[in-house]
Amino acid sequence: MALQAGERDRKNDNMSVDYKSTVNLPRSSFAMKAGLPNAEPKLLERWQRIGLFAKLRAAGQGREKFILHDGPPYANGNIHIGHALNKILKDVINRSQQMLGKDANYVPGWDCHGLPIEWKIEEKYRAEGKDKDEVPVIRFREECRAFAEKWIEVQREEFKRLGIEGDWDNPYTTMAHAAEAQIVRELGKFVMNGGLYKGVRPVLWSVVEKTALAEAEVEYHDHTSMTVWVRFPVIKAGHPELDGVSVVIWTTTPWTLPGNRAVAYGADHDYVVIEVKEIAEGSLAVLGERLVVMAGLLAEVAENAGITIHETRAVIKGQALSGTLLAHPLRGEGYDFDVPLVAGAHVTTDQGTGLVHTAPGHGQEDFEIGVKYGIEVPQTVADGGTFYDHVPLFAGLHVFKADGEIAKRLRAAGKLLAQGKLVHSYPHSWRSKAPLVFRATPQWFISMSANGLRDKALEAISQTRWVPPAGRKRIESMVENRPDWCISRQRAWGVPITVFVDKKTDEPLRDKGVLDRIVAAVEAEGADAWFTSPPERFLGPDLDPEDFEQVTDILDVWFDSGATHAFVLEEFDGLEWPASLYLEGSDQHRGWFQSSLLESCGTRGRAPYEAVLTHGFVMAEDGRKMSKSLGNVVAPQEVVGKFGADILRLWVVASDYSEDLRIGPEILKHQVDTYRRLRNTLRYLLGNLDGFDEAEKIDAEEMPELERWLLHRLWELDRLLRRSAEDFDFHSLYTAIHNFCAVDLSAFYFDIRKDSLYCDRADSDRRRAVRTTLDEIFSCLTAWLAPVLCFTAEEAWLTRYASDDDSVHLRLFPEIPAAWRDDELAAKWEKVRALRRVVTGALEIERAEGRIGSSLQAHPIVHAARDYVAAMAGVDLAEIAITSSATLLEGEGPDDGFTVGDIAGVVVTAALAKGKKCERCWQVLEEVGENDAEGEICNRCADAVGDVFAAAS
Ligand SMILES: [Zn+2]
């Protein structure tokens, strides 16, 4: 509809006067095609050269701080799309907070210790045929450190390439000496306040990696287990009906039977005593024997055991089983202890026999029952997964291979009632993928009850802002139910548990002087000092090394990262404790958010953060998990190389990151289109602001309504921007800005104002008002887009304001005058735009039917209801409809008029505009050719041209 510069060139070829040179065509060096993969690295160099990070800090001096504390990624490989999402989101938030007028100092960090790196070095050893246990621990630790250092370098460059602004020259790492010293200091606080204790407890254990695993290191996969139904003969009946019967248990882990010390029943459930009357072929049941199971599970047990006919001899309540003693099924072969029947709240009615085999060393609930009834916690399995030498019958046997042997022994002893198989969800190591076992070992724990840690943590959760709010419930229920925190690992790469145990009392040594000496050594030499120094160095002159045992376990890496708040927020210049925000994937309710919470509540009595934001995970385009085998992995490095980092950044805010996100070729293509629209908006602004200066500006109150409506829109968007930044919700803001560019600007405002910009006298009030408005829009858009399109916003800004050392990122979000708000005008223009849609729709039909060429040839006659006519007061219908003339009448229109869309009472008749076409602006006007000496142009153009030609001559 509007004139295109190219078309104008063609038209002008035949003209005697060169009007083309008198039209104010847009001019800008801001290219249509972005070329981001090449352009972005140059901007990164520029920011490095001008010291942007230091400038931001200088600008932030004295302002309110906003500290987003970086959750440290693990330094063991290239970054993947999840890392990119996480860091980009952090960057968008930091940049927004800085531009809101705060000091958003961001110090990135890395998690360096732990099993995955050890595992890599061990893999290398295995490939080289070396035995890890023969390498001195210090050498091994050096290799781990070098490995982490290498990947920190790689990831640092990858993160920088995404445009993440932060103190990349001074990041934190958990393996820095100062960090290790602070971690030791933090551990010392738990030693001194009695929160740390040594206990024998079942822990989830990997026999492959030979270590306890944290819950966050566990994955659940289907696993096929052998199942057995086993008789436990009653040797002392607590109820007369139990005399001479066998209690039947069922288990999916036969290898835990050597650790059996009790059988649990549900006190409120009904149990039956049956006598076996008939059996199927191959059944291990014996005719005439009497068995006890839960009433509700009898049918299932009978079927599995091949018992075809049975008689019920008695039905008794669970509580009547109390006081009964059983024989272990392998009694007489080293298992001669009595096995009590005890009540257990965890006994369920859905599977098994309703009588639960209880091995306090092999499960959390079993352990708790053991504690309640004072039953011993036997240690039966060594770290590598074999039974200890003291375990009768099975010493030296690996637990993964023991089920068959145990079933054989049970059968030989006449205690195996049935055998089967079950596929069920079972814990595995996330690293080696090997199935895990619960194993009772002496470990170090942080008590959830000592010093009221659990209560403090729950209170801190209630004081924290969780975004989205559902996060609160999640972490609350985890903290309510979690067992004590097992912090010891039998590994080498980490901060050691710097504790001496008193050989006489088995208690950790609580001595401030010793602790200070350990911290000083670690501060100077790193945690290696614990392994390389003689104990005298730490114990000092007054304590005898002979009286103490030095612990060589290392700390759970979650303790390291849980203490980052202490060695980063409290120690780094320009930071502050607590953090304003922690921001990670939603799995960290179990991981970092929780370890930080517990560490901080245990040492400082509150959370180390004010707010916690979680985001979802990245899925492939089709909603499936990304995997190499499916070929649907999207690597951030590839997206950046092909499209540019700004496209990836746009994708992050375009997604609803409170849920899982999707990415793939189609989604990226869509983002490229969106990007182009935003870029073209900037290009239009730059082109039409060519040569604009302060003197040209015009006051808002002197502007036409259309411009004042635009300013009102800027006011609205600014309000949304500030609310979005406060809510960390860039998704809604992105949608609003995109619509503003595509709908309000490109399809409406720019379209209407092209004529004024190109053809009005350069100094006309209208054109000055338009350019003043474009200037405000440019100022706002470059600022609003800067946190997201950090490269493109800078490019646009520098295109307009070339500078050696300035940057769009040093700006604040523009302050929008409250006077720009005009709700009445906005309501009026709602109607104007609705009416315009009908008119342009009708003209579209006229064009499609071939009755007019451009809309400028038309003269629409519009009939509209009173409220629309009222809304049009002071508005030129021809101008907003991009026609040469127009007539607006109140009332019902003719029956053959057009009504487009669903706006009642607006009818358009499209007549042809009367007059001749102006050769300069193409408007068809009666005045053209009548009083113009220069040629076939209109009065407005004559005025504009006269001015230009006069200036030229
Ligand atoms: Zn004209």
Side-chain angles (χ1 to χ4, degrees), residues 1-27 684 687-688 690-692 696 698 703-704 706-707 748-771 773-774 836 839-840 843 846-847 851-861 875-888 910-953:
M1 249 180 278
L3 304 188
Q4 297 300 314
E7 293 171 52
R8 196 183 297 271
D9 287 349
R10 259 190 285 100
K11 290 282 179 187
N12 281 342
D13 282 348
N14 299 328
M15 283 176 4
S16 52
V17 183
D18 177 18
Y19 291 117
K20 177 189 155 193
S21 64
T22 71
V23 172
N24 304 303
L25 292 178
R27 196 164 52 193
Y684 182 100
N688 286 295
D690 182 44
F692 180 80
E696 200 178 319
I698 206 162
M703 290 182 178
L706 178 54
E707 275 61 34
F748 180 63
Y749 182 65
F750 289 173
D751 211 14
I752 293 168
R753 286 310 191 205
K754 220 176 248 184
D755 172 74
S756 168
L757 284 164
Y758 290 7
C759 300
D760 280 355
R761 271 177 73 110
D763 61 352
S764 78
D765 283 352
R766 183 168 70 173
R767 190 166 183 277
R768 284 175 61 198
V770 177
R771 297 238 288 174
T773 306
L774 294 186
R836 177 184 189 261
V839 178
T840 52
L843 294 175
E846 289 297 296
R847 259 155 56 104
R851 288 192 284 270
I852 56 168
S854 92
S855 65
L856 289 172
Q857 288 173 288
H859 176 114
I861 298 158
V875 179
D876 180 349
L877 175 59
E879 181 179 280
I880 63 153
I882 318 181
T883 58
S884 296
S885 50
T887 306
L888 178 64
L912 285 178
K914 287 201 183 103
K916 285 186 188 166
K917 181 165 99 175
C918 168
E919 291 299 340
R920 184 169 175 271
C921 72
W922 291 15
Q923 292 205 12
V924 177
L925 299 166
E926 292 187 90
E927 71 197 33
V928 173
E930 278 182 1
N931 50 9
D932 173 36
E934 299 280 354
E936 303 283 274
I937 57 176
C938 70
N939 294 346
R940 171 180 65 143
C941 287
D943 181 35
V945 168
D947 214 36
V948 173
F949 287 171
S953 59

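Whatever order the structure lists them in is the order used to number ligands and atoms, beginning at 1.
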Is the shortest side-chain N to carboxylate O distance from Asp876 to Arg766 below 4.0 Å?
no

Side-chain donor/acceptor of Arg771 to backbone N/O of Asn688, under 3.5 Å = yes

Arg768 and Glu696 ion-paired at < 4.0 Å: no

Has Ser764 got a side-chain atom pairing as donor or acceptor with Arg761's backbone, closer than 3.5 angstrom? yes

Asp943 bridged to Arg940 by N-O distance under 4.0 Å:
no

Between Asp690 and Arg27, is there a side-chain N and carboxylate O pair less than 4.0 Å apart?
yes

With a cut-off of 2.8 Å, strictly less than, protein N/O/S atoms near the Zn ion (ligand 1) add up to 4

